[in-house]
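Note that the structure is a prediction, hence the values are computed from the model and not measured. Lettering of chains follows the sequences in order, A, B, ..., and the numbering in each one begins at 1.
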Amino acid sequence: MDTFVLLLDGLATAAQPMNLMFALLGVMLGTAVGVMPGIGPALTVALLLPVSLSFGATGSMIMFAGIYYGGMYGGAISSILLNTPGETASIMTAVEGNRMAKRGAGGKALGAAAIGSFFGGTFATMGLALIAPLMVAVALSFGTAEYFALMVLSFMTVSAAFGGSVTRGLTALFIGLTIGLVGTDKLTGQVRLAFGVPEMSDNISIAIVAVGLFAIGETMFLASQHINHKTKAEAVKGSVWLNWTDLKRCIRPYIRGTGLGFLFGPLPTGGAEIPTFLSYTTEKRLATGEGRRDFDEGRGAIEGVAGPEAANNASAAGTLIPLLTLGLPTSATAAMMLAGFQQYGLQPGPLLFTNNAELVWGLVASLFIANLMLVVLNVPFIGIWVKLLTIPRPWLYAGILTFATLGIVGAQGSAFALILLLGFGLIGFLMRRFGYPLAPALVGAILGPLAEEQLRRGLMINRGDWSFLVTSKIALAIYAIAILAVFGPRIWAFLRHRGVARTNRA
Amino acid sequence: MPADRQETAGETRLSADQSAPEVRLHGEDEVGQGSGLRDLAGLGIAAGLFALALVIYGDASSYPVRRSYAQFGPEIFPYIIAFGIVVLAGFTAVIAWRGGFEARARLNYSGLFWIVAAIVTEIIMLFAGTGFIAASTVLFAFSARAFGQTTHLLNFAIGAVMSTLLFLLFRYGLGLALPNGPLERSIDLLLR
Amino acid sequence: MKKLGIAALISATLLAPTAFAQMSELKIMAPAGPGGGWDQTARTIQSTLQTEGLVANIQVENVAGAGGTIGLQQFVNRSSGDPTATIVGGYVMVGAIIANASPVGLSDITPLARLTGEYVVVVANADSPINTAEDLANALREDVGAVTWAGGSAGGVDHIAAGQFAKAAGVAPEEINYIPYAGGGEALAAILGGQVSVGVSGFSEFSAQIEAGALKVIGITAPERQDYLDAPTFTEQGFDVEVQNWRMIAAAPGITDEQKATLLGTIETMAASDTWAEALATKGWVNTFLAGDDFAAYLEQEIAATGEILKDLGIAE
């Protein structure tokens with residue numbers, strides 16, 4: 001009861017014209033920045049921290065929330081229209097979204113993404129308001145064994161989802177794992193695969209890998225084709241807007257994606273990536289009817305956009321749970337928001353909810369507002385975003401390259417990062433040319449180091465005794481889910497087949 | 001067998017010559033329609049993967065042994081990954097040998113060249129200290145050229161305008177430090 | 001006494017504006033990505049100098065990587081002899097230079113002043129049987145591997161503090177079961193979840209949980225008790241553990257003494273200003289200002305001591 005009174009008070013605060021302005025500014029800025037490959041919401045928040053001091057605590061928090069959600073959506077725009085995801089959270093959106101854009105349904109994909117972001121963000125924020133303490137208990141009960149099981153689950157489901165050619169899917173995954181090895185081993189300080197280059201002794205920023213493999217690789221691939229790039233692309237075939245049938249196809253993916261995002265957001269495993277991976281693989285597996293055909297024929301299925309987009313915004317809200325209650329940031333942007341809190345002398349932690357209830361609920365309320373602003377602002381603009389595709393291709397892709405290099409140079413502060421970017425671009429190009437899927441490479445690069453760390457940490461805590469991996473009930477349950485997710489459909493099909501055979505015989 | 005291979009490659013090269021004379025660096029780009037033709041490029045990938053595995057193994061075997069309660073150190077995962085890559089390299093070789101890779105479209109070397117040239121030039125210019133705007137302008141113009149846009153002056157003009165706007169936006173709007181050159185320093189002086 | 005006061009007044013009102021103020025230009029390199037501790041330090045210096053009107057134009061440049069050694073190397077190569085170039089750094093750099101065998105070191109730049117610092121605390125879950133430093137030492141002596149430490153990166157300041165404690169307790173630092181996490185925040189989850197014996201990190205990482213009573217403090221690595229924390233130091237419990245995660249500002253190599261004095265003057269004026277004090281208070285940073293020759297001597301001593309403990313920990317050769 002109390003919660004709702006506080007939340008309503010918060011909404012009243014957030015709905016003041018000045019705060020609405022901040023929300024609007026944040027969403028616009030976030031979207032603009034999110035569209036650019038390489039510059040994400042975390043960097044934007046970091047750069048705006050000193051400036052925001054003059055806006056006051058509530059104002060700047062509202063703006064940051066807007067940037068966060070706006071950035072997530074902006075990442076979806078470039079993923080769908082240009083196949084150049086700038087944020088790791090929108091990699092999965094690119095897979096189906098860009099196929100949709102190629103057949104002239106980019107507007108629908110954008111619509112599904114915008115509404116999915118709203119859906120995921122809103123419901124996860126409600127969840128945040130209602131069951132934050134419970135989620136904290138769950139997150140804290142996760143130890144190394146459980147995390148390692150989660151990594152195994154992600155690896156298995158993702159590899160299975162890209163099973164067109166098992167060898168190529170796994171090769172991509174192993175290339176990603178190799179990329180993940182480069183740099184300083186966190187547990188010993190041993191530098192691996194850096195070949196004496198100091199710039200490589202840090203782990204390679206995932207932004208460079210993602211932008212290189214996707215944006216640069218895609219540009220190279222297109223330039224290497226014998227097609228007349230000056231022919232105008234047909235941006236829209238049929239209606240730009242989602243119709244009722246489309247929306248109906250999206251509802252279940254939205255619900256599942258929101259659930260996954262909200263569950264995984266609070267876990268310290270690196271933010272929005274895992275839930276989007278899992279959401280995509282779930283939708284691909286569960287699709288029926290037209291969705292099934294869209295997935296199988298490579299036309300781009302709206303479910304594959306709706307699920308991950310709901311998941312990434314839901315995880316953004318989920319991330320706030322450990323941040324607000326424990327002061328534990330589980331993603332880069334959350335870490336920046338923590339810095340934002342500290343700037344006002346606030347220390348997120350168990351006492352924040354009691355000591356600064358107004359601010360906490362003001363923040364939760366501002367998340368609602370920012371979410372709403374995102375839909376209100378972006379749905380009408382879909383028609384305009386789609387027009388991006390009518391820019392003559394040479395200039396469009398030259399522009400993408402310019403944005404991408406700006407983002408990488410600006411964020412890394414060194415031109416050396418561009419050498420790596422070029423290298424990953426060439427790898428991305430070769431992978432495209434020879435039909436290797438790209439997403440598993442990123443999954444490997446992101447999850448590989450996490451899996452290794454968790455396993456080795458667990459072994460250190462248990463002094464070399466491997467049995468800890470199977471003594472946890474939660475971990476065992478996760479392994480069971482992984483096996484079911486990968487082999488379940490085959491077993492099911494086998495059983496059904498036998499069942500059919502038997503009825504036929506009878 | 002080798003003679004057979006030679007012939008096949010020769011044939012495709014010939015047909016490639018007829019359609020587009022400038023593309024003839026490697027015949028293998030046109031082979032491998034999944035129709036059982038051996039794929040040299042695919043074998044190249046297998047060889048590359050094998051080399052990668054060797055590099056990982058070589059690097060990992062050079063780590064000093066440290067005591068750890070985990071019973072093993074930073075070398076185990078690289079070993080496992082290297083082993084996995086060797087196995088995958090083997091499979092890749094088999095697929096390539098059997099012609100399992102799909103047919104690939106003819107490469108437009110000029111387009112690819114210009115894109116790589118664009119990025120390489122930008123890197124060289126940034127290391128040489130020409131600053132973000134100039135380097136970015138060249139990048140834009142070269143990559144537009146890669147897509148067949150031969151209006152060079154216009155390309156440079158658009159690139160320059162866009163780079164300058166981006167610089168102003170990020171340098172003064174967000175305070176992001178972009179590489180400075182003479183041009184950036186003069187803008188800085190003007191706006192101070 | 002009175003004379004001195006007047007002299008100080010004169011120097012503050014007259015000398016300051018003429019000797020140090022209105023430097024026209026200053027560049028600050030933060031050898032880390034935007035948002036981190038060094039970047040925030042650089043940007044706080046920037047805003048304070050501007051608010052106080054000490055420098056007209058200030059630019060912050062980020063060069064991330066390898067514990068600051070990449071930025072340091074670039075700074076030494078490019079800025080030599082440039083009186084307007086400064087770099088922010090800290091204790092982490094000392095260890096990173098040794099561990100990465102960096103070709104340039106802190107002796108290649110001109111140290112100006114230590115600005116802020118943070119002490120490291122060792123904490124345990126409120127339910128833990130370990131209450132004091134003596135308890136922890138006994139547990140270590142009994143079975144060193146059974147005591148798991150959660151802290152920041154290997155060879156970092158948290159690891160060094162843990163190693164110093166082990167040494168003081170009579171246990172070989174190399175033997176401790178130290179489990180590095182990506183940061184104090186991630187270690188926090190492991191401590192609260194009861195997966196490790198003790199946690200070791202900068203005070204600010206744990207302060208909220210300490211205040212809430214979820215964590216208890218075993219000791220702090222400060223030379224004397226701190227007024228923001230009601231807990232004993234290691235020194236007063238009989239263990240010689242003193243570590244400070246400090247941050248500093250330094251100038252380019254090859255500048256003249258005069259140029260160094262100008263920069264030092266500017267920084268001293270800044271550090272004494274109310275704006276600076278206010279900024280530190282909101283960020284929860286502790287002012288541990290130490291300038292000039294005293295700082296240079298301190299730095300030398302820190303480099304030697306860190307090299308030794310890293311060797312004991314088995315991180316450096």
* Residues of residues 126-135 of chain B under 4.5 Å from chain A (heavy atom pairs)? -> B:L126, B:F127, B:F132
* Asked: Hey, are the side chains of A:Y436 and B:I45 touching, using non-hydrogen atoms and a 4.5 Å cut-off?
  -> yes
* Asked: If we only count heavy atoms from C-beta on, is the A:L421 to B:I123 side-chain gap below 4.5 Å?
  -> no
* Structure fact -> d(A:T219 OG1, B:I115 CD1) to nearest 0.5 Å is 6.0 Å
* Asked: How long is the span from the CD1 atom in B:I124 to the CD1 atom in A:I419, to the nearest 0.5 Å?
  -> 9.5 Å
* **Backbone N/O of B:A105 and side chain of A:R433: donor-acceptor pair under 3.5 Å** =>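 Yes, A:R433 side chain to B:A105 backbone: donor-acceptor pair under 3.5 Å.
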* To do: Might you work through the side chain to side chain contact (heavy atoms under 4.5 Å, CB included) test for B:F142 and A:L401, ending with a clear yes or no?
  => CA-CA 11 Å; B:F142 280 18; A:L401 273 189; over 6 Å; no
I need the residue from [options] with the largest number of non-hydrogen atom pairs under 4.5 Å to chain B.
options	result
A:M220, A:R463, A:R192	A:R192
A:D465, A:L418, A:L455	A:L418
A:T167, A:D185, A:I461	A:T167

* **Matching residue for B:P78 among A:L193, A:L181, A:L177 - test: side-chain contact (heavy atoms from CB on, under 4.5 Å)** =>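 Considering A:L193, A:L181, A:L177, a side-chain contact (heavy atoms from CB on, under 4.5 Å) with B:P78 is found only for A:L181.
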Under 4.5 Å from any heavy atom of chain B - which part of [X]:
X	result
A:R457	neither
A:L426	side chain
A:F221	neither

* To do: Go through A:L170 and B:F91 one step at a time and tell me if the side chain to side chain contact (heavy atoms under 4.5 Å, CB included) criterion holds.
  => CA-CA 11 Å; A:L170 282 178; B:F91 280 124; over 6 Å; no
* Largest heavy-atom contact set with chain A, pairs under 4.5 Å, which of B:G111, B:A60, B:P74, B:G73 ->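 Counting heavy-atom pairs under 4.5 Å, the top option is B:P74.
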* Asked: Pick from B:L52, B:L112, B:V87: which one has the most heavy-atom pairs with chain A under 4.5 Å?
  ->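 Looking at each of B:L52, B:L112, B:V87 in turn, B:L112 comes out on top.
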* To do: Please step through side chain to side chain contact (heavy atoms under 4.5 Å, CB included) for the pair B:Y63 and A:V191, ending with a clear verdict.
  => CA-CA 9 Å; B:Y63 307 153; A:V191 176; over 6 Å; no
* Structure fact -> Heavy-atom nearest pair, A:W395 first then B:T151, reads CZ2-OG1, 4.2 Å
* Heavy-atom distance under 4.5 Å to chain A: side chain of B:I85, backbone, both or neither? -> both
* Asked: Once the angle between the rings of B:F101 and A:F434 is folded into 0 to 90°, is it parallel (under 30°), tilted (30 to 60°) or perpendicular (over 60°)?
  -> perpendicular
* To do: Evaluate side chain to side chain contact (heavy atoms under 4.5 Å, CB included) for A:L406 paired with B:F167, printing each intermediate quantity in order.
  => CA-CA 9 Å; A:L406 167 111; B:F167 173 79; over 6 Å; no
